[in-house]
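Note that the structure is a prediction, hence the values are computed from the model and not measured. Just so we're on the same page: letters track the sequence lines, and every chain starts at 1.
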Number of protein chains: 2
Amino acid sequence: MSRRKVPQVVIPRLSLYYRAILESRKELVSSEELSKLTRFSPSQVRRDLAYFGQFGRPGMGYKTEVLKSSILKILGLDREWKVVLVGAGNLGSALLSYKGFLSQGFRICHAFDSRPVKIGKRINSVTVKDIRELPGVIKGSGIKIAVITVPSEAAQGVAQLLIANGINAILNFAPVRLNLPRGVTALNIDLSIELERLAYFLARTY
Amino acid sequence: MSRRKVPQVVIPRLSLYYRAILESRKELVSSEELSKLTRFSPSQVRRDLAYFGQFGRPGMGYKTEVLKSSILKILGLDREWKVVLVGAGNLGSALLSYKGFLSQGFRICHAFDSRPVKIGKRINSVTVKDIRELPGVIKGSGIKIAVITVPSEAAQGVAQLLIANGINAILNFAPVRLNLPRGVTALNIDLSIELERLAYFLARTY
DNA sequence: TAGATTGTTAATCGATTAACAATC
DNA sequence: TAGATTGTTAATCGATTAACAATC
C-alpha cells in the first residue's frame, strides 16, 4: 500500500468509481473498463485506488464486490450519518424533500429555523424546530454533519453555534467563506459562482 | 498582458475577488488587502489578475472601481443572462424562488416539466410549461444557459433537447456525467458527492 | 507458456509561491 | 528620494500520465 498523502481531488473521483461499479453487473472490472465508464484515464483509476490499498490482481482486474465494499468503507459510507439542517427556507425545504439526498447512508434528522412561520412545519417527516432548541437537541447526540441553508449574514453565526454543539463537517450553501477552527471541514456549494463560471465561458464565445 | 492560458481554477477565484471588492469602501485596494479578504495569497491574487491585464499600479495597488468593472466584464456579468430551468420538482422550485440565484445578472425566464401536476404552476412569476413546448419557446431566443433539475434517468435526454435548441452552458444538478458535444460546457453540482467528501473526512477522524 | 492487467516509478504537465526588478 | 506594491520570472510544489516490471 502506498502511504503517500491522498490528494483531495481523489475523493470525489472515488464516489464516481463507486457509482460506475454499482452499475456494472460483471464479477471483475478492469481499470480500462472503469476508465470507459467514468472518463478518467486508466492510469488515474489505478493510481487513485492504489492510494488506499492493493485491491486488484495483475492480469485479472478488480473483483467488483471487493472494490465496492472497499470504496464504501474508505468513503465512510458503511454506516449511517445523521445530518442536521439549519435554514428551512426554499432551498432547505427542497433538500429536506429531496430523495437523492437521503440515499447513501445520510439522513437529515433535525431541521431548525429562527422564523416563527417556519417553526413547526413538517417536511418529509422532519419537524422544523426553533434554532434556540438546537443545543439541547444536538449536543451530545453524536451528529457530526450539518447543512447550512440560511442567508449569508446568518451563516457564520450558525456555523459557530453548530461547532459549539459538536458539529465538525459542514455543507454550506450560503455564499460566504466560513471562518472555522482547525478540525472542522466545510464544503461550499455556491450557485452564483457556478453560474459565473458559465457566464465566463459564454462571454468568451459570444 | 500575459496571454498564457488561464487555468480553470482562476475563474471562481475571480468571483470571490469581486465579492471582496464589493465590500471594500476604499478607493484603492492592494493584493495584500485582497489576500486578507479572500484568504488567497497576495502572489496568487496578483497572478490571477495579471492573466487578464495590468489593472494595478506599482506602489499604489488597484483602483477599486477599475478592478470591479474589469472583473465584471471578464466574467461576462456586464449583461443579463437569461436562464431556462428544466425540472420543477423540489430543487427546481427552490431555485426558482431563490433570490440569490437571480442576482448578478441571471434571470430564470422559463421553466419546464413533463409532469401534468407541475405544468401550469406559477413560481416567482415564472409559469411552468410542458417540456414539449420547449423548442418553440427557446429556439432562436438567444438563451444560452440551462439549469437541469430532473431525475438522473432523464438528464441526458433533457441535455440533448436543450443543446438541439441553442443551449450551450448547463448547470446540472442530476448526479450523472452528461455526454456533451464540443462547444457545450456543463458544470455539475452533485450533492451526494459533496456529502461523501464530508463522510470521508469524518470517517478518518472518528 | 502467452496474454492481460495491476501497482509503481519516473517523466511530464500544470498550478502556486517566492523573489525581485520595475515603477508609482 | 524613500517606501510601497505591482507584474513577471524562476523555483517549488502537486497532480497526472506513460511506461513497464511484476504477476495472475
Practice task
Could you check if a side-chain atom of A:Ile145 sits within less than 4.5 angstrom of a side-chain atom of A:Ile167, using non-hydrogen atoms only?
Solution key: no

Practice task
May I ask you to decide if A:Gly61's main-chain N or O and A:Ser31's side chain share a donor-acceptor pair within less than 3.5 Å?
Solution key: no

Exercise for the section: Could you tell me whether A:Arg13 sits above the aromatic face of A:Phe40, with NZ or CZ closer than 6.0 angstrom to the six-membered ring centre and within 45 degrees of the axis? Expected result: yes

Exercise for the section: Round to a whole Å and report the spacing from CG of B:Asp48 to P of D:dG7. Expected result: 12 Å

Distances under 3.5 Å only, N/O to N/O: pair up the protein atoms with those of nucleotides 22-24 of chain C.
| from | atom 1 | to | atom 2 | distance (Å) |
| --- | --- | --- | --- | --- |
| C:dC24 | O4' | B:Pro58 | O | 3.2 |
| C:dC24 | O3' | B:Arg57 | NH1 | 3.1 |

Handout entry: A:Val10 vs B:Leu49, nearer the 5' end of DNA chain D by closest nucleotide
Key = B:Leu49

Fill in the blank from the handout: Quick note, side-chain hydrogen bond (donor to acceptor under 3.5 Å, both in side chains) partners involving residues 75-92 of chain B, not counting sequence neighbours, are B:Glu80-B:Arg107

Exercise for the section: Just compare C:dT8, D:dG7, D:dA15 and give me whichever is closest to any side-chain atom of A:Val9. Expected result: D:dA15

Handout entry: A:Arg197 side chain vs B:Ser15 backbone, donor-acceptor pair below 3.5 Å
Key = no

Problem - For atom NZ of B:Lys5 and atom P of C:dC13, their distance in whole Å - result: 14 Å

Completion exercise
On a heavy-atom basis, the closest approach of A:Asn172 and A:Ala174 is OD1-N, 2.9 Å

Exercise for the section: May I ask you to establish whether B:Arg47 and B:Tyr51 are in a cation-pi arrangement, using a distance under 6.0 Å from NZ or CZ to the six-membered ring centre and at most 45° from the ring axis? Expected result: yes

Practice task
Mind calculating the distance between CD (B:Gln54) and P (C:dA21) to the nearest angstrom?
Solution key: 18 Å

Problem - Which residues share a side-chain contact (heavy atoms from CB on, under 4.5 Å) with B:Ser30, sequence neighbours left out - result: B:Glu32, B:Glu33

Practice task
Please list residues of residues 13-44 of chain B whose heavy atoms come under 4.0 Å from any atom in DNA chain D, ordered by number; otherwise none.
Solution key: B:Ser30, B:Ser31

Handout entry: Nearest-angstrom distance from the residue atom NZ of B:Lys63 to P of D:dT5
Key = 16 Å

Practice task
Using a cut-off of strictly less than 4.0 Å, decide whether B:Tyr62 has a side-chain nitrogen or oxygen near OP1 or OP2 of D:dG7.
Solution key: yes

Problem - Minimal non-hydrogen separation, B:Asp48 against B:Tyr17, with atom names - result: OD2-OH, 2.6 Å

Problem - 5' precedence on DNA chain D between A:Arg46 and A:Gln8 (nearest-nucleotide basis) - result: A:Gln8

Exercise for the section: Could you tell me which residues satisfy side-chain hydrogen bond (donor to acceptor under 3.5 Å, both in side chains) with B:Lys118, sequence neighbours excluded, listed by chain and number? Expected result: none

Problem - Contiguous Watson-Crick or G-U pair runs (3 or more, under 3.5 Å) in DNA chain C - result: C:3-24 with D:3-24

Problem - Euclidean distance, atom CZ of residue A:Arg47 to atom C1' of D:dA18 [Å, nearest integer] - result: 13 Å

Problem - pair B:Ile143-B:Asn165: side-chain heavy atoms closer than 4.5 Å - result: no

